[in-house]
Amino acid sequence: MASPQVQLYLDITAKGLCILGAALMIFGRGGWFYAGVATVVLGVLFIGASLLATRKLRNRRWDGTRRT
């Protein structure tokens with residue numbers, strides 16, 4: 001996960017899951033509300049993975065080489 005593209009994809013996926021989950025919680029009825037809650041929780045886990053990927057990228061330039 002030490003690639004800028006991986007961090008970008010995780011960030012986009014996390015935000016999309018959170019928006020989808022919020023929409024399910026707002027407009028869903030019955031079991032769809034709980035599916036929305038689970039989707040938001042999954043999105044939060046992806047946000048954590050994105051933050052970890054960003055943390056590993058601090059020592060690298062955007063082209064993947066290490067800073068000296």
Side-chain angles (χ1 to χ4, degrees):
M1 286 198 321
S3 169
Q5 289 179 339
V6 171
Q7 189 261 340
L8 177 67
Y9 294 148
L10 284 172
D11 194 39
I12 291 171
T13 303
K15 289 177 182 175
L17 283 172
C18 288
I19 290 171
L20 177 66
L24 283 172
M25 286 191 292
I26 292 169
F27 299 113
R29 295 179 186 250
W32 288 107
F33 176 81
Y34 297 111
V37 171
T39 306
V40 169
V41 169
L42 187 63
V44 169
L45 291 175
F46 272 95
I47 289 173
S50 175
L51 289 173
L52 286 176
T54 303
R55 188 174 181 188
K56 291 185 178 184
L57 278 175
R58 285 187 190 159
N59 303 10
R60 296 183 178 267
R61 294 187 182 127
W62 285 105
D63 59 357
T65 58
R66 288 192 170 272
R67 292 183 187 173
T68 56

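Just so it is clear, the structure is predicted and the values come from calculations on it, not from any experiment.
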Search all heavy atoms of Ile47 against all heavy atoms of Ala14 and return the closest pair with its distance. CG1-CB, 3.4 Å
What's the separation between atom CG in Leu10 and atom CG in Leu45, rounded to the nearest 0.5 Å? 11.5 Å
How long is the straight-line distance from CG of Leu8 back to OG1 of Thr13, given to the nearest 0.5 Å? 9.0 Å
I need the Leu20 CG to Met25 CE distance, nearest 0.5 Å. 10.0 Å
Set of side-chain contact (heavy atoms from CB on, under 4.5 Å) partners for Leu42, sequence neighbours left out: Leu17, Phe46
Taking side chain to side chain donor-acceptor pair (under 3.5 Å) as the cut-off, I'd like each qualifying pair that reaches into residues 37-51, sequence neighbours left out, listed once. none
Where Val40 and Cys18 come nearest, the two heavy atoms and their spacing: CG2-O, 3.9 Å
